Amino acid sequence: MAEPLDRYDAELTTPDMVILELDATDKLDATSQLAERLYAAGRISDLQGFLQHVNAREHQLATGLPGGVGLPHARSELVSQTSIAVGITKYGRSLDFGAADGPATVILLIATPASSFSDHLEVLATLARSLSKESFRESLRRAYDREVIAELINSSLVFFDH
């Protein structure tokens with residue numbers, strides 16, 4: 001059974017789910033590397049099955065956001081709790097997630113239990129609002145510290161004004 005999301009105690013990501021200097025060949029490779037972190041953390045039960053859900057979602061509509069952000073995501077019965085794996089690409093590298101303004105250097109893979117439709121929408125909407133701010137994107141890019149990046153992501157859900 002999926003754990004309900006408590007926005008004031010949400011550990012959406014941990015330092016172990018952050019990849020600094022992500023070196024991926026394309027968005028599928030990046031998504032796979034990030035999903036491996038979720039699997040290792042016990043947040044998803046079947047790596048290949050979850051990747052199929054993410055890739056199916058990616059084929060429906062591009063998940064690139066303006067400002068160099070990739071936001072692949074999926075709701076799945078293979079997810080035990082709402083989670084986010086974060087990748088900051090290696091300097092000089094970027095990945096095409098279909099955004100009109102170009103490729104991504106910040107990638108956030110969002111995994112949500114299939115039963116948690118409202119949590120999925122809330123996390124997506126809140127992160128999209130935070131990521132629309134250049135200062136937030138730059139904070140993620142410049143952190144170079146997995147703990148700081150995890151804290152930025154976790155606090156963005158708690159402190160964002162609705």
Side-chain angles (χ1 to χ4, degrees), residues 2-24 27-47 49-51 53-55 57-58 63-65 67-90 93 95 97 104-160 162:
E3 297 177 22
L5 181 65
D6 177 351
R7 60 185 285 114
Y8 296 102
D9 189 30
E11 192 173 62
L12 296 175
T13 193
T14 65
D16 291 342
M17 290 187 272
V18 175
I19 301 175
L20 295 175
E21 297 194 10
L22 176 68
D23 193 7
K27 67 181 179 180
L28 295 176
D29 182 25
T31 301
S32 179
Q33 289 183 47
L34 292 169
E36 286 172 14
R37 296 294 178 108
L38 295 176
Y39 182 74
R43 304 285 184 110
I44 57 176
S45 60
D46 176 349
L47 179 60
F50 177 70
L51 282 170
H53 292 150
V54 173
N55 293 336
R57 171 63 188 84
E58 195 71 27
T63 56
L65 296 179
V69 177
L71 204 62
H73 57 276
R75 284 177 41 242
S76 171
E77 68 279 357
L78 304 172
V79 177
S80 60
Q81 72 183 85
T82 300
S83 303
I84 302 170
V86 182
I88 309 297
T89 61
K90 197 170 190 169
R93 294 284 181 89
L95 300 163
F97 276 85
T105 56
V106 174
I107 297 94
L108 290 90
L109 173 59
I110 302 172
T112 313
S115 60
S116 302
F117 186 69
S118 62
D119 288 350
H120 185 73
L121 291 179
E122 180 177 1
V123 169
L124 275 174
T126 302
L127 270 178
R129 279 186 227 119
S130 294
L131 290 162
S132 71
K133 297 177 181 153
E134 178 64 26
S135 60
F136 185 75
R137 295 190 308 267
E138 280 306 307
S139 294
L140 291 172
R141 285 187 190 105
R142 294 179 182 199
Y144 294 107
D145 184 305
R146 296 178 334 167
E147 288 82 9
V148 171
I149 292 171
E151 183 57 33
L152 283 167
I153 296 297
N154 290 331
S155 64
S156 72
L157 185 66
V158 174
F159 296 114
F160 190 82
H162 287 276

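Computed from a predicted structure; not experimentally measured.
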Next on the checklist: Using side-chain heavy atoms (C-beta onward) and a distance below 4.5 Å, is Leu51 in contact with Tyr39?
Outcome noted: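 The answer is no, as the side chains (C-beta and beyond) never meet within the 4.5 Å cut-off.
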
Next on the checklist: Are the side chains of Val123 and Ile84 in contact, using a 4.5 Å heavy-atom criterion?
Outcome noted: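 They are in side-chain contact.
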
Non-hydrogen atoms of [X] and [Y] that approach each other most closely:
X	Y	answer
Phe50	Ile110	CZ-O, 4.4 Å
Val69	Ala104	C-CB, 3.5 Å
Arg137	Leu131	NH1-O, 2.7 Å
Phe136	Ser130	CB-O, 3.2 Å
Leu38	Ala111	CD1-CB, 3.8 Å
Ala150	Thr14	CB-C, 3.8 Å

Between [atom1] of [X] and [atom2] of [Y], what distance do you get to the nearest 0.5 Å?
X	Y	atom1	atom2	result
Leu152	Thr13	CG	OG1	11.0 Å
Ile107	Leu34	CD1	CG	7.0 Å
His73	Leu124	NE2	CG	4.5 Å
Arg141	Ile149	CZ	CD1	11.5 Å
Leu109	Ile44	CG	CD1	7.5 Å
Glu122	Leu127	CD	CG	10.5 Å

Next on the checklist: If the test is side chain to side chain contact (heavy atoms under 4.5 Å, CB included), which one of Ile19, Asp16, Val86 qualifies with Arg146?
Outcome noted: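 Running side chain to side chain contact (heavy atoms under 4.5 Å, CB included) over Ile19, Asp16, Val86 with Arg146 returns exactly one hit, Asp16.
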
Would you find a donor on one side and an acceptor on the other, under 3.5 Å apart, between the side chain of [X] and the backbone of [Y]?
X	Y	result
Thr112	Ser116	no
Ser80	Arg43	yes
Thr31	Lys27	yes
Asn154	Leu12	yes
Arg37	Val18	yes

Checklist entry - Crowded around Arg93 CZ? As in, over 12 foreign heavy atoms under 6.0 Å? => result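 Counting other residues, nucleotides and ligands, CZ of Arg93 stays at 12 neighbours or fewer.
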
Next on the checklist: Could you go through Asp23 and Asp29, starting from their C-alpha distance and side-chain angles, then the distance that decides it, and tell me whether this counts as side chain to side chain contact (heavy atoms under 4.5 Å, CB included)?
Outcome noted: CA-CA 9 Å; Asp23 193 7; Asp29 182 25; over 6 Å; no

